[in-house]
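No experiment lies behind these values; they were computed from the predicted model shown. As a basis for the values below, the full set of heavy atoms in this structure was taken, side chains included, without hydrogen atoms, waters or symmetry mates. This chain uses plain numbering: 1 for the first residue, then up along the sequence.
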Amino acid sequence: MSINTQLMNFALKLINIFFPKLAYSMLKKRLLMPESESNEWADDIKKIVIETKFGNVNTYQYGQGKCVWLLHGWSNAYQFWPLMKKLANQGYSCIAIEIPPHNRLNNSNISLPKWVNAFDRAVKNIHEPTHVITQGLGASVIANSSWFTGYQYDLTLISPVLNYLTSLKRYVKKNTIPSSLLSRLVNEIYSTDKIHLKDLDATATINEFSGRLSIFYSKLDGFTSLNAISVIAKNDDRKVVHFKGATTQKIINSKSIVYAIHGEERPLDFAV
C-alpha cells in the first residue's frame, strides 16, 4: 500500500468520526467514479456516443473484419488501444466499449446494476461480435446482462471481477476502511435499484457459458475474483492462465491474448 493511499485511508477514517456523510461521499467517489483521463485516440478511430438514461456509453471502432468487443471495467477503454491496433492489422473490427461510472445527466453516482442496464441499452446499437474481451468489472457487466443470455461465441476475461460484493469487502478490509461505509453503500444500491449486490455474483453464469472461454489473471490485481476463477478452472474445457507478477496492462498487451482471439492452441503461460 502506497504512502498516499495510507494517508487517504487515515483521512477517510478520521472524517468518518466527525463527518460521516462526507466520508461516505468520499468512499462512493473512490469506488464508483474513477478519475477521468485525457487520452488521444487515433484520428481514424470512429467514436460513437450512445445515450441512455443511465449515462452515456462511449464506443470506439477501429479496423475491418470479424467483430471483437472490448469492454473495460473501469470506464477508460483507451487501455485496449495497443491490442486494438494489433487486431486491426490482423483483420478484425474492434469496438471498445466504455460503461459510464457516473451519470452526468443528473450528477449522481451509479453502480453495477445501472452499468448492466446501460450496457444492455447500448449494445442494441452495436454490431454483434464473434469474440468478447472484458477487463475487471466488465465480466460482471456482461454476465448479468440480458444480452449475454443469447451469446454463444468466444469470451476472454482479463482479471475478472465476478463477485463484486466480495471484491468490495476485500478492498475495504485491505485498506482498513470502516465497514459501516460499505454497508451504507450496499443498502443504498438496494434502495435505488431494488437488487442485492450479492445476487449479481456472475460466477455461475460464466461457469455455465457454452462458448469458448479463456481467463487470464494476476494476483497483483486486488479486485480479481480468485475464488470464482478457481471454481471455473475445475472444468477441463476452460483455459485459465495465471500470469505471475504481471500487471493487467501487461496481460492485455501479451501474445497470449492474441492467440486466444485467433483460437490458436499455443502455450499460454507468458505475458510478453
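- With contacts defined as side-chain heavy-atom distances shorter than 4.5 Å, the pair K66/Q90 does not qualify.
- Nearest heavy atom pair, residue L157 against residue A139, reads CD2-CB, 4.1 Å.
- No path of Ile, Leu, Val, Met, Phe, Trp and Tyr side chains, each step under 4.5 Å between heavy atoms, connects I142 with V231, placing them in separate hydrophobic clusters.
- When the shell of 6.0 Å around NZ of K86 is examined, it contains more than 12 heavy atoms from other residues, nucleotides or ligands.
- Within the model, atoms CG of L87 and NE2 of H131 stand 9.0 Å from one another, a figure rounded to the nearest 0.5 Å.
- N58 contributes no side-chain N or O that, together with a main-chain N or O of E98, makes up a donor-acceptor pair within less than 3.5 Å.
- A donor-acceptor contact shorter than 3.5 Å links the side chain of D120 to the backbone of S146.
- With hydrophobic clusters built from ILVMFWY side chains whose heavy atoms lie under 4.5 angstrom apart, L220 does not share a cluster with L226.
- Using a 4.5 Å heavy-atom cutoff, the side chains of V186 and L165 are in contact.
- The CG atom of L168 lies 10.0 Å from the OG atom of S111; values are rounded to the nearest 0.5 Å.
- Listed here is the closest heavy atom pair of P20 and L181: O-CD2, 4.3 Å.
- Both M26 and V172 belong to a single network of hydrophobic side chains, linked directly or stepwise wherever heavy atoms of I, L, V, M, F, W or Y lie under 4.5 Å apart.
- What you find for A77 and A96 is that their closest heavy atoms are CB-CB, 3.8 Å.
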Exercise. Between L185 and L32, does a side chain to side chain contact (heavy atoms under 4.5 Å, CB included) hold up when you go through it step by step?
Worked result: CA-CA 10 Å; L185 176 62; L32 304 178; 4.1 Å; yes
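- Judged as a salt bridge (charged side-chain N to carboxylate O under 4.0 Å, His left out), and not counting sequence neighbours, the contacts of E188 are K28.
- Looking at E128 and W147, their side chains do bring a donor and an acceptor atom within 3.5 Å of each other.
- With no hydrogens or angles considered, no side-chain donor-acceptor pair links Q61 and H127 at under 3.5 Å.
- The shortest heavy-atom contact between K13 and P178 is CG-CD, 3.6 Å.
- Contact check for S256 versus V241: no side-chain heavy atoms found under the 4.5 Å cut-off.
- When atom types are taken as modelled, the side chain of R212 and the backbone of A260 share a donor-acceptor pair closer than 3.5 angstrom.
- A 6.0 Å sphere centred on CD of Q249 holds more than 12 heavy atoms belonging to other residues, nucleotides or ligands.
- Using a 4.5 Å heavy-atom threshold, the side chains of T224 and K219 count as separate.
- Considering CD1 of I99 and NZ of K114, their distance stands at 14.0 Å, rounded to 0.5 Å.
- To the nearest 0.5 Å, atom CG of residue D201 and atom CG of residue N144 are 8.5 Å apart.
- Between W41 and Y60, the two ring planes are parallel [angle under 30°; tilted spans 30° to 60°].
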For this session: Would you please test L12 and M8 for side chain to side chain contact (heavy atoms under 4.5 Å, CB included) and show each step?
Result: CA-CA 6 Å; L12 184 64; M8 290 174 59; over 6 Å; no
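- Here the rule is side-chain contact (heavy atoms from CB on, under 4.5 Å) with L162, and of L200, T205, I206 only I206 fits it.
- Annotation: side chain of V258 is in contact with side chain of L83 (closest heavy-atom distance under 4.5 Å).
- Ring centroids of F148 and F209 are separated by less than 6.0 Å, placing the two rings close together.
- Side chains of D154 and T130 form no contact here, defined as non-hydrogen atoms less than 4.5 Å apart.
- Judged by distance alone, with hydrogens and angles left aside, the side-chain atoms of N56 form no donor-acceptor pair with the main-chain N or O of V49 at under 3.5 Å.
- If you take CD1 on I158 and OG on S218, they are separated by 12.0 Å, rounding to the nearest 0.5 Å.
- Residues passing the side-chain contact (heavy atoms from CB on, under 4.5 Å) test with K173, sequence neighbours excluded: none.
- Annotation: side chain of Q79 is in contact with side chain of T248 (closest heavy-atom distance under 4.5 Å).
- Between S225 and P160, every side-chain heavy-atom pair lies at or beyond the 4.5 Å cut-off.
- By the criterion of side-chain heavy atoms lying less than 4.5 angstrom apart, applied directly or through intervening Ile, Leu, Val, Met, Phe, Trp or Tyr residues, F119 is grouped together with I195 in one hydrophobic cluster.
- Ring geometry for H242 versus Y217: interplanar angle under 30°, hence parallel rather than tilted (30 to 60°).
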For this session: Tell me, with the steps shown, if R121 and I50 meet side chain to side chain contact (heavy atoms under 4.5 Å, CB included).
Result: CA-CA 9 Å; R121 302 297 193 280; I50 302 172; over 6 Å; no
Exercise. Between N227 and N163, does a side chain to side chain contact (heavy atoms under 4.5 Å, CB included) hold up when you go through it step by step?
Worked result: CA-CA 9 Å; N227 290 339; N163 189 322; over 6 Å; no
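- The minimum heavy-atom distance between I232 and R238, with the atom names listed, is O-CG, 3.5 Å.
- Residue L31 is grouped with residue V116 when hydrophobic side chains (ILVMFWY) are merged at heavy-atom distances under 4.5 angstrom, including chains of intermediate members.
- To the nearest 0.5 Å, atom OG of residue S210 and atom OH of residue Y151 are 10.5 Å apart.
- Shortest non-hydrogen contact noted between N16 and A23 is CA-CB, 3.6 Å.
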